[in-house]
Every structure is written in C-alpha cells, then in structure tokens.
Amino acid sequence: QVQLVESGGGLVQAGGSLRLSCAASRRTFSAYTMAWFRQAPGKEREFVAGIHWVSGTTNHADSVKGRFTISRDNAKNTVYLQMNSLKPEDTAVYYCAAKLGTVLITEVNQYDYWGQGTQVTVSS
C-alpha cells in the first residue's frame, strides 16, 4: 500500500547543495520510521539519515553529519534530505525508505518499503 517517490536529484558541483524529497502515498506515518539510504556503483547500500515521524528525532551517518539534514512535513506526507557542502564521494543513487515501528535503525533489511531512487552526481 505504501508508495514512495523520490525527486530532487541531479548534477551539482562540489561544494554545492541539493534537496531531495520523498512523497508518500499515506495520510499519516505516525507508526513509521523514515530514512534515506544511498548506493554508489559497485558498493553496498548504506544508511544516510533517519527520522522518527511523530517526534522528529533524527540520526545521521558520520559521513554526512554536519552537511546533510533530514526533516519531514507532516501535512504533505513528505520527507526531505537537505544536502550541503556536497563532495564527489556523495555521488550515488539515493533511496527513500520506510519501516513499521518508531525505532531509528540503520540496517537495510529492516526497512519494509522503498522508493525507486534518484541519482545524485557531484562533480569535482
């Protein structure tokens, strides 16, 4: 039933910014945890940031802490990932994900729903 659609990816120069959006096909996500993952060519999918839907409590991977910020808009059923000071190593397909429960976790196999992904490319 849950459908997630990412948008906002594109090509940006190093040091630039992008904001990714994830629109969900539900009226409320009160029982869910939402997260962003990314996967670079030849690498495994990795956790980027997560958010508890109701409280807004967040968790960010060390590799993006201080540069990326996850947030949500309850009225729009949308999760955002603001990406600043982008680096070439941030280049990847970024995926929006959701899971039942209100615990922030980082394991890929614990998330139940996934979007199709949006490409982010950072040039040097």
Side-chain angles (χ1 to χ4, degrees):
Q1 293 179 344
V2 177
Q3 296 183 8
L4 306 173
V5 181
E6 303 97 333
S7 63
L11 175 64
V12 65
Q13 295 182 5
S17 299
L18 285 173
R19 189 182 73 164
L20 305 184
S21 298
C22 174
S25 62
R26 289 199 58 168
R27 201 176 190 93
T28 179
F29 275 82
S30 60
Y32 287 82
T33 295
M34 308 293 293
W36 288 95
F37 290 79
R38 66 185 182 186
Q39 188 167 21
K43 297 184 178 180
E44 295 183 358
R45 194 168 299 185
E46 66 174 350
F47 173 82
V48 176
I51 186 167
H52 182 280
W53 187 260
V54 175
S55 71
T57 300
T58 62
N59 185 35
H60 297 80
D62 290 340
S63 60
V64 305
K65 195 172 185 178
R67 299 188 298 120
F68 293 8
T69 303
I70 189 172
S71 62
R72 87 285 194 237
D73 186 332
N74 292 347
K76 292 182 175 293
N77 295 329
T78 301
V79 178
Y80 303 97
L81 184 67
Q82 179 66 48
M83 304 185 294
N84 299 325
S85 301
L86 283 161
K87 305 175 181 179
E89 52 261 46
D90 294 319
T91 295
V93 176
Y94 284 71
Y95 297 90
C96 180
K99 64 175 289 293
L100 291 171
T102 56
V103 177
L104 290 171
I105 58 175
T106 63
E107 296 184 1
V108 171
N109 60 12
Q110 293 299 307
Y111 283 79
D112 304 299
Y113 305 99
W114 294 85
Q116 296 300 309
T118 184
Q119 177 71 48
V120 172
T121 302
V122 184
S123 62
S124 60

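Residues Tyr95 and Val64 are members of separate hydrophobic clusters, defined by side-chain heavy-atom contacts under 4.5 angstrom among Ile, Leu, Val, Met, Phe, Trp and Tyr. The hydrophobic clustering, which links ILVMFWY residues whose side-chain heavy atoms are closer than 4.5 Å, places Tyr113 and Val79 together. In this structure, Val12 is a member of the same hydrophobic cluster as Tyr94, with clusters built from ILVMFWY side-chain heavy atoms closer than 4.5 Å.
Side-chain atoms of Leu4 and Met34, non-hydrogen and from C-beta on, do get closer than 4.5 Å to each other. Annotation: side chain of Asn59 is in contact with side chain of Thr106 (closest heavy-atom distance under 4.5 Å). Put simply, the side chain of Gln110 does not reach to within 4.5 Å of the side chain of Val103, judged on heavy atoms. For the pair Trp36/Cys96, a side-chain contact is recorded, criterion being any heavy-atom separation below 4.5 Å from C-beta on. Counting heavy atoms from C-beta outward, Leu100 and Asp112 have side chains that approach closer than 4.5 Å. The closest side-chain heavy-atom distance from Met83 to Val120 is below 4.5 Å. Between Phe68 and Leu20, every side-chain heavy-atom pair lies at or beyond the 4.5 Å cut-off.
The structure places SG of Cys22 at 10.5 Å from CG of Leu81, a figure rounded to the nearest 0.5 Å. With rounding to the nearest 0.5 Å, the separation of CD in Gln13 from OG in Ser124 is 9.5 Å. Atom OG in Ser17 sits 10.5 Å away from atom CZ in Arg67 (nearest 0.5 Å). Within the model, atoms OG of Ser7 and CZ of Arg19 stand 8.5 Å from one another, a figure rounded to the nearest 0.5 Å. Here Leu11 contributes atom CG and Gln119 contributes atom CD; the two are 9.5 Å apart, rounded to the nearest 0.5 Å.
Checking side-chain atoms of Thr58 against main-chain N and O of Ile51 turns up no donor-acceptor pair under 3.5 Å. At least one donor-acceptor pair closer than 3.5 Å links the side chain of Thr78 to the backbone N or O of Lys76. Of the possible donor and acceptor atoms, one in the side chain of Thr33 sits under 3.5 Å from a partner among the backbone N and O of Gly101. Without hydrogens or angle criteria, His60 side chain to Ile70 main chain gives a donor-acceptor distance under 3.5 Å.
Under the ring-ring contact (aromatic ring centres under 6.0 Å, His included) test applied with Tyr111, the options Tyr32, Phe37, Phe47 reduce to a single match, Phe37. Screening Glu46, Glu44, Glu6 for a salt bridge (Lys or Arg N to Asp or Glu O under 4.0 Å) involving Arg38 leaves a single residue, Glu46.
Crowding of Glu89 atom CD: a count of heavy atoms from other residues, nucleotides or ligands under 6.0 Å exceeding 12.
For the pair Ser55 and Thr57, the tightest heavy-atom approach, listed with the atom from each and the gap, is OG-OG1, 3.0 Å. Across all their heavy atoms, Leu18 and Leu86 have their closest contact at N-CD1, 3.9 Å.
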Worksheet item: Do Asn74 and Trp53 pass the side chain to side chain contact (heavy atoms under 4.5 Å, CB included) test, and can you show the C-alpha distance, the side-chain angles, and the key distance before you say yes or no?
Response: CA-CA 8 Å; Asn74 292 347; Trp53 187 260; 3.5 Å; yes
